[in-house]
Amino acid sequence: MIQVAKVIVDVPTMQTNSPYSYLIPKQLENEIQIGMRVVVPFGNGNRKVQGFVVKIEMETINTEKLKKIESLMDLEPVLNTELIQLSSWLADTTFSFRVTCLLTMLPNVMRAKYSKQLKIVNDQISKQQLAAILPSTSWDNFETDELSTLQQSELSNLRKQGKIEIVYRVKNQAQTKKIFQIESRLSVDQETKILASLRKNAIKLRQLVHYLANHATKITQTSLENKLNITSATIKIGEAKGWLIRQKVEQYRDPYKDVKKQTLPLTLNQDQQHALDEISQNIDKSQPQTFLLEGVTGSGKTEVYLQTIAYALTKGKTAIMLVPEIALTPLMVSRVKGRFSKKVAVLHSGLSDGEKFDEWRRIKRHEAQVVVGARSAIFAPIENVGVIIIDEEHETSYKQDDSPRYHARNVAQWRSEFYKCPLVLGSATPSLESRARSERNVYQLLRLPKRINGHPLPKVKIVDMREELQAGADQNFSQPLLEAIDSRLKISQQSILMLNRRGYSSFIMCRDCGFVLKCPNCDISLTLHMDSHSMKCHYCGHEEPIPKQCPNCHSRKIRYYGTGTEKVEQELQLKFPKARILRMDVDTTRRKGAHEKILRQFGEQRADILLGTQMIAKGLDFPNVTLVGVLNADTALELPDFRSSERTFQLLTQVSGRAGRADKLGEVFIQTFNPDHYAVQLAKTQNYENFFRKEMYIRHQGKYPPYYYTLQITAAHKEEKMAAKKMYAVLNELQPKLSSQAIILGPTPKPIARVKNKYYYQIVIKYKNEPNLHAAVTKILQESQSDYRQGIQLSIDAEPQSFM
Ligand code: ADP
Ligand code: ZN
Ligand code: ZN
C-alpha cells in the first residue's frame, strides 16, 4: 500500500478531466493535502506543469511506474473540498475542462505563469548559431506563439535533433504586501534612566524613547515616522539599542478603507418584513429554497438583503451577495460596509490583482463573513454559508462568455444546496426563466410592489421618431426631447441620456415606415453583412440580397442604421454650447477608476448631462436628475436574438427608474421607430406582469426558453471550410442520438462570422428532454482535443445568453 496523489494537470494542449496519479515524496507525505497546487512532471519530456491535488488515496497496484510530485506550490490548500467538488460538477454541466474550472475559482495572481527557456544541449550548436534564430535576450523567457513561423520551424527542428531543449518553469505570482511593524521593548519606569544617558540635543531619539516607554501597542513604521516626524535612521538606532523590535508583517491592501459611515437597519414596511420573515425561516430550517424577490426600483430590496445578511450573521453563518459589475459602485459598497464594516470583503474587477488577492485571503481565513462581488465572487472560498443573494438577477453579465461558460445563478444554486441555505434572486424585471419557475412554485415568489417613498413612477413619453423625422428633426434628437433638455439646463437640474448602442453589425430599417427586414422562418431581424453584401438570419442561415427599397411601403429611404455616443456628444455640444456634458461608454471608462470618477463628477453636479451607453442605466441614484432620454430604443429591439424584447423592456424600465428618485418629479422620453411594439408600450407603464404574460406566449409559439432548453456548439478555425466541416461532423454525430422532438438549427456561420482572423460556425439545439444529449456532447468535447493540433477550437455553451 502506498500513498498516491490524484492530480488534475494544467496542460493547455491536452487538457483532461480525469486526474493522474503521482507518488508523494517521503518528506511531503504528511504535508500534502487536497486542494494544494503542486508542480509535477508531465508527458514524454517530463516538463514541469502545475497541477491540483483533488484526492489522496492508498493504492496497492504497481506504483513503480508512477512519476513523483516535484514540489508543492502552496503550503496550505488554496481550494477547500467543497470547491473541489463544485469544480467537478461545473466541468460536467458547462462542458469545460476541469482545470479551467479550478483556475477560475482562484484569484488572477494565483494562476500560474510558465516561463519557457531555451537551453543548448551539450554544446551541440554554438550560441551564435542559436542567436541567429532567436536573440539571446529572449532565451530565458519566450512565447512560442509570438515567434515567426520560420523561427518556430527552425527551433522545432533543432529540438527534434536533440540540439536544444525547452525547459518550462512554473512561476508563482502571488505575493503579499509586507510592511514593518514596531513593537516597544520599553516600560514606563525605564524612561528617565534612558533619557539621562542621551545627549540633550538628541531630540529625535528622546522623542522616540518617550513614545516607546508610554505606548505598548504595535504601530507601523510609517505611522510612527509620521507621528514623531523622524526618519527610519532614528528607528534603526532604536532597534540597535534594543528599545524596539522591528518586524516584517503582511498587510492587506484595503481599497475601501475610507468607508467608515455606520448605518442602522431601517424599520421595514409590511412587504419587506414578510420577505425577510420567509427567508429567515429558511435560514433557521436549513432549507435550500430559492426565492424570487420581485420589486420595482426603490421598493427597498437592498434593505431586505442587508437585514437577511444580518440575520444569517446572528446565526453564526456567512453570506454572499452578488451585484452586477457595473452596479458595484462605491455607493453600493458603502451601503454594505456601513452595515457590516470589517466583516465585508469586496471582490470585483475594478480592484488591482493584489487587492483582489488580499480580499480573497481575508475570506479564506474567516476574517470576512460577508462577500460582495460581481459574477466570479460566487466562487469565494467562504464556508458555512447562511444565505446567497443575487441582485438584478436578470443581468446577462452573470453568464460568463468564456470557458467555463457558467451562469452564477446555477453555481449559487449548487452552493445553496451544499450549505442547505436559501438563495434570494432579486429584480424589478426578473428573467423570464426565473419568473416562470416561480410560476411553477420551483421558486417562491416574494413581491415588493410599492416604492418606499410612495413617489409615483416617472412619467414616460414615447416619441415616434418616424413622425419626428418627417417634421424635419435630425436623426438623434426629437423636438420634445431637445426642449426638455433645454428646460432642465435653465433650472440647473440634470439629465441622463442613453444611446443604447450594443451589437456589432447593424441592421436595415425604413425611415418612412419603420419596417425592419425579418427572417421568413424565424421572426428575427436579418442582419446586414457588409463582407457578403447580404442580409442573413443568424439562427437558420436564411440569406437574401440587401433590399434597394422598403418591401413594405416601397420607399427608397431604407438605410443602414446606427450612430455612436461620440457623434451624439458632438451634436449635443453644438446644440447646447454651454452645457457641461459627460460621456460614459467603453471608450471613456477603460482606465481604472474612470467609471467612478465620471459618476462622482456627475453626482457633485459638476456636469449637466450624462450621456452614455446602457452602462448608465444601472443602479445610479442622483436626486437632481429629473430627465431621462433614451435616444434610440430600437437598437436593442432589433438585435437578432429571441431575447431582444426582454432586454429592451428591462433596459427601458431600468433607465426610466433613474429619473425623479428624490422629491422632484421625473420625466422620461423614449425615442423609437417602433412606438407600438409591446416591449416599448409596456415599459411605458412599467408593467412587468403584462410583459411577462405576452412574452411567455411568444416564446411558447417560437419554441424558445423557458419552454425549451438551448445548447450552442461552435467551431472556430482560420479557414472557413475547416470550421464548417467540423460543424457538419458534429451534426452527423449528434443527430442520430436525438429524438424527433429536438430542433437543430444550422450549421450556420456565427453572426460575426470572423473574429480575430478565425471563422466561427455554430449549431443551436432546442430541446425539451434529451437523455442522450449530455453524454453525446461530452464525447464530442473529449474528441475535440485531437482537433486542437489542427487549430480547430470547439466550444459548447449550455443556455447561451447571447447568440452573437
Ligand atoms: P431597491 O434596492 O429596491 O431599489 P432600496 O433598498 O435601495 O431599493 O431602497 C430605496 C430607498 O428607500 C433607499 O434610500 C433606502 O434607504 C430606503 N428604504 C428602504 N427601506 C426602507 C424602510 N423600510 N424605511 C425607510 N426607508 C427605506
Ligand atoms: Zn417602409
Ligand atoms: Zn431564420
Side-chain angles (χ1 to χ4, degrees), residues 261-277 291-310 321-324 327-329 331-336 338-339 372 389-395 424-430 446-455 457-458 464-467 469-470 507-518 525 546-559 561 603 617-623 634 638 650 653-663 666 673-674 686 688:
K261 221 166 80 198
Q262 184 77 24
T263 65
L264 294 171
L266 304 166
T267 312
L268 300 182
N269 68 26
Q270 217 177 357
D271 296 320
Q272 286 175 313
Q273 188 64 49
H274 172 71
L276 175 65
D277 290 345
F291 293 92
L292 179 61
L293 183 62
E294 182 187 322
V296 294
T297 35
S299 61
K301 293 187 293 297
T302 310
E303 189 60 31
V304 173
Y305 304 150
L306 294 177
Q307 299 203 21
T308 309
I309 294 170
M321 175 164 151
L322 298 190
V323 185
L328 202 52
T329 56
L331 186 83
M332 182 77 205
V333 172
S334 62
R335 278 185 84 177
V336 187
R339 206 60 69 84
V372 181
I389 292 157
I390 302 184
D391 190 28
E392 312 278 7
E393 68 91 32
H394 61 276
E395 275 292 311
V424 182
L425 309 174
S427 176
T429 52
L446 300 167
R447 277 214 176 94
L448 303 179
K450 296 184 291 284
R451 277 187 152 184
I452 288 285
N453 57 15
H455 285 182
L457 292 164
D464 185 342
M465 284 306 276
R466 299 171 304 186
E467 286 174 10
L469 287 179
Q470 256 160 11
F507 58 96
I508 268 190
M509 183 167 63
C510 171
R511 287 265 180 97
D512 279 334
C513 73
F515 178 84
V516 172
L517 199 57
K518 290 190 166 169
S525 55
I546 302 170
K548 299 231 162 32
Q549 58 178 32
C550 172
N552 186 41
C553 74
H554 306 292
S555 155
R556 293 198 153 259
K557 280 196 188 164
I558 183 152
R559 298 280 146 81
Y561 201 85
K618 319 267 151 74
L620 306 187
D621 196 350
F622 298 114
D634 305 301
E638 302 305 343
Q650 286 164 346
T653 306
Q654 213 153 26
V655 74
S656 302
R658 301 304 124 221
R661 300 277 287 184
D663 313 327
F673 287 92
N674 295 283
Q686 315 220 347
Y688 176 78

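As the structure lists them, so they are numbered: ligands from 1, and atoms in each ligand from 1. Index from 1, following the sequence.
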Point to revise | Under the side-chain contact (heavy atoms from CB on, under 4.5 Å) test, residues paired with Asp277 that sit two or more places apart | key: Gln273
Practice item. Any atoms of ligand 1 less than 4.0 Å from a non-hydrogen atom of Gly300? List them with their elements. Key: 1 (P), 3 (O), 5 (P), 6 (O), 8 (O), 9 (O), 19 (C)
Exercise for review: Can you sort out which atoms of ligand 1 are near Val296, meaning under 4.0 Å from one of its heavy atoms?
Suggested key: 3 (O)
**Study point:** Under 3.5 Å donor-acceptor, Arg451 side chain and Val296 backbone
**Key:** no
Point to revise | Protein N/O/S atoms closer than 2.8 Å to the Zn ion (ligand 2) | key: Cys510 SG, Cys513 SG, Cys550 SG, Cys553 SG
Point to revise | Minimum-distance pair of heavy atoms, taken over all atoms of Gly426 and Tyr305 | key: CA-OH, 3.3 Å
Review point. Should Glu294 and Thr429 count as side-chain neighbours, where that means a heavy-atom distance under 4.5 Å?
Key: no
Exercise for review: Locate the shortest heavy-atom distance separating Gln307 from Pro265; write the atom from each residue and the value.
Suggested key: NE2-CB, 3.8 Å
Practice item. Look only at interatomic distance and state if Gly298 has a nitrogen or oxygen under 3.5 Å from any nitrogen or oxygen of ligand 1. Key: yes
Check your understanding: Hey, are the side chains of Glu392 and Gln654 touching, using non-hydrogen atoms and a 4.5 Å cut-off?
Key -> yes
**Study point:** Interfacing atoms of ligand 1 (cut-off 4.0 Å, heavy-atom, Glu303)
**Key:** 6 (O), 19 (C), 20 (N)
Review point. Thr263 and Arg339: side-chain donor and acceptor closer than 3.5 Å?
Key: yes
Exercise for review: Please name all residues satisfying salt bridge (charged side-chain N to carboxylate O under 4.0 Å, His left out) with Glu393, sequence neighbours left out, ordered by chain then number.
Suggested key: Arg409
Check your understanding: Nearest to atom 13 (C) of ligand 1 by heavy atom, Gln307, Arg335, Gln272: which?
Key -> Arg335
Review point. Is the closest heavy-atom distance from Gly295 to ligand 1 below 4.0 Å?
Key: no
Practice item. Please indicate whether any nitrogen or oxygen in Thr297 is less than 3.5 Å from any nitrogen or oxygen in ligand 1. Key: no
Point to revise | Within reach of ligand 1, part of Thr267 (heavy-atom separation under 4.0 Å) | key: backbone
Exercise for review: Please state which part of Leu266 comes within less than 4.0 Å of ligand 1, counting heavy atoms only: side chain, backbone, both or neither.
Suggested key: side chain
Review point. Residues two or more places apart in sequence or in another chain: which of them pass side-chain contact (heavy atoms from CB on, under 4.5 Å) with Leu469?
Key: Arg511, Phe673
**Study point:** Ion pair check, Asp271 and Lys450, cut-off under 4.0 Å
**Key:** yes
